[in-house]
Amino acid sequence: MNDRTVSPALDHPAEAASPPTLDHLALLAARGVDVRSFLDSQLTRNVPVLEPERSVSRASIAGYCSPKGRLLASFVVWCELSPSGETIFMLTSRDIVETVAKRLRMYVLRAKVTIEVVTAVHAIEGFHDSPSLPEVARSLDVWSVRRDGDVTWIRHPDADGVKRVMRIGTAASAAPGLPVDAANWRWSEIRAGIPRITATTQDRFVPQMVNLEALGGVDFRKGCFPGQEVVARSQYLGKLKRRMALASTDASWGDGGVIAQPATDIWSAEDSGPAGLVVNAERGPEGRVALLVELPLARFESAGLTVAESSGPALTIESLPYVLPENEVFVRPKL
């Protein structure tokens with residue numbers, strides 16, 4: 001992985017009419033006496049346990065699959081306690097939030113659960129290594145969650161050594177220009193190796209194809225969830241042949257400097273055609289484009305990978321900021 005860092009100039013614009021928010025994200029809130037058991041039966045991992053006596057709780061990545069084991073959504077999930085009981089929040093891509101909420105409601109049946117899209121009453125902001133953040137936010141470990149008044153702070157994985165913290169409140173922060181804009185946050189999320197499922201990549205990937213289990217987003221010892229049989233078969237009955245890689249290119253793609261959109265083909269000179277797909281892509285503060293791409297493992301060290309077509313921008317595959325599990329059949333757990 002290279003040693004580039006986030007540009008301070010882009011992190012802290014000199015002037016801004018209002019603080020930028022992460023408007024590509026949306027927030028779901030699930031409540032009710034059966035909420036935990038319901039979501040545990042739907043997601044690829046159980047909701048993190050809430051310990052009311054502790055001031056800091058945990059968040060995690062999780063997936064939501066079709067019966068065929070393909071991801072319909074990726075979430076950041078955490079739980080907060082209110083006078084009325086537990087509320088489980090799920091952060092996801094804004095372009096899929098309504099369809100995902102509708103699908104989850106279809107399976108509520110007799111369970112006492114309500115699922116609402118609550119983005120409109122929350123400001124979602126991201127921060128990169130900001131010394132102006134309160135100590136309550138700067139001291140958090142990765143995936144720690146802390147409630148401070150009407151604000152929730154979540155520490156996200158670092159990108160190129162830069163600390164990333166998310167703030168979710170009922171109003172935007174009072175320090176204009178302090179949060180990063182959505183493009184800069186998306187870029188750092190890619191550099192951290194975190195995939196985000198969008199409308200064009202729904203139903204394309206088994207969780208392991210985008211490294212979800214390497215990120216703690218799949219629990220193979222939990223109870224059933226939609227698509228579990230397919231996901232488990234991919235894990236236990238043969239070597240995984242496709243994974244998500246971190247890549248970069250100096251060029252944009254398409255007319256007007258457009259960045260490659262999710263689900264754009266990745267071409268391989270060795271295959272003389274498409275070999276994989278773009279999961280996410282964004283231009284960074286230095287102009288270089290960072291991408292997460294799904295590819296056969298055999299192509300991770302290949303030359304001649306390009307975006308969209310054989311004459312498209314050339315890709316450089318870089319090291320992920322985390323270790324992938326060994327590409328071997330895992331020992332089946334005792335259930």
Side-chain angles (χ1 to χ4, degrees), residues 1-7 70-71 74 157-162 183-184 186-198 200-201 203-215 234-235 238-329:
M1 191 166 161
N2 66 25
D3 58 359
R4 292 182 298 108
T5 58
V6 178
S7 166
R70 303 280 167 154
L71 284 167
S74 56
D158 296 353
D160 298 333
V162 173
N184 208 353
R186 288 192 298 266
W187 174 79
S188 69
E189 186 174 54
I190 291 169
R191 295 296 303 171
I194 310 296
R196 180 171 53 89
I197 298 300
T198 63
T200 53
T201 55
D203 220 11
R204 296 290 191 106
F205 307 122
V206 170
Q208 297 96 313
M209 292 165 66
V210 292
N211 305 346
L212 213 65
E213 95 287 15
L215 293 161
S234 299
Q235 193 74 11
K239 291 185 178 182
L240 297 169
K241 296 180 180 179
R242 305 184 71 89
R243 281 287 194 180
M244 185 179 72
L246 175 64
S248 62
T249 177
D250 286 323
S252 57
W253 173 82
D255 295 333
V258 176
I259 308 251
Q261 296 300 306
T264 300
D265 285 334
I266 298 298
W267 280 61
S268 165
E270 294 184 41
D271 298 315
S272 300
L277 294 174
V278 172
V279 181
N280 303 112
E282 188 60 66
R283 183 181 289 105
E286 296 176 6
R288 191 167 177 81
V289 177
L291 306 94
L292 293 173
V293 295
E294 179 270 339
L295 289 169
L297 282 165
R299 295 290 172 263
F300 270 40
E301 297 182 5
S302 296
L305 294 174
T306 55
V307 182
E309 54 193 14
S310 58
S311 59
L315 285 183
T316 299
I317 302 297
E318 302 187 27
S319 298
L320 285 162
Y322 48 81
V323 177
L324 293 176
E326 291 293 329
N327 185 33
E328 299 291 343
V329 178

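When reading the values below, keep in mind they use all heavy atoms of this one structure, side chains included, and skip hydrogens, waters and symmetry mates.
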To the nearest 0.5 Å, how far apart are CD in Q208 and CG in L324? 11.5 Å
Restricting to side-chain hydrogen bond (donor to acceptor under 3.5 Å, both in side chains), what partner residues turn up for S311, sequence neighbours left out? E309
Minimum-distance pair of heavy atoms, taken over all atoms of S188 and A159: O-CB, 3.3 Å
Rounded to the nearest 0.5 Å, the CD1 atom of I197 sits from the CZ atom of R70 at a distance of 11.0 Å
With a 3.5 Å distance limit and no angle check, can you tell me whether W267 reaches the backbone of A308 through a side-chain donor-acceptor pair? yes
Quick check for you: to the nearest 0.5 Å, what is the distance between R288 atom CZ and R191 atom CZ? 8.5 Å
Not counting sequence neighbours, which residues clear side-chain contact (heavy atoms from CB on, under 4.5 Å) with A183? List them please. D181, R186, E282
Across all chains, not counting sequence neighbours, the salt bridge (charged side-chain N to carboxylate O under 4.0 Å, His left out) partners of D158 are R155
Residues which pass side-chain contact (heavy atoms from CB on, under 4.5 Å) with R299, listed by chain and number, not counting sequence neighbours: S268, E270, D271, P296, S302
Taking only residues two or more places apart in sequence or in another chain, which ones pass side-chain contact (heavy atoms from CB on, under 4.5 Å) with A263? T200, T201, R204
Nearest-0.5 Å distance, CG of residue L212 to CZ of residue F205: 12.0 Å
Heavy-atom closest pair (A314 atom, T306 atom, distance to 0.1 Å) is CA-CG2, 4.0 Å
How close do Y322 and G193 get, counting heavy atoms only, and between which atoms? OH-O, 2.7 Å
Exercise: identify the closest heavy-atom pair between A260 and L291: CB-CD2, 4.5 Å
Taking side-chain hydrogen bond (donor to acceptor under 3.5 Å, both in side chains) as the test, write out the residues that go with R242, two or more places apart. E294
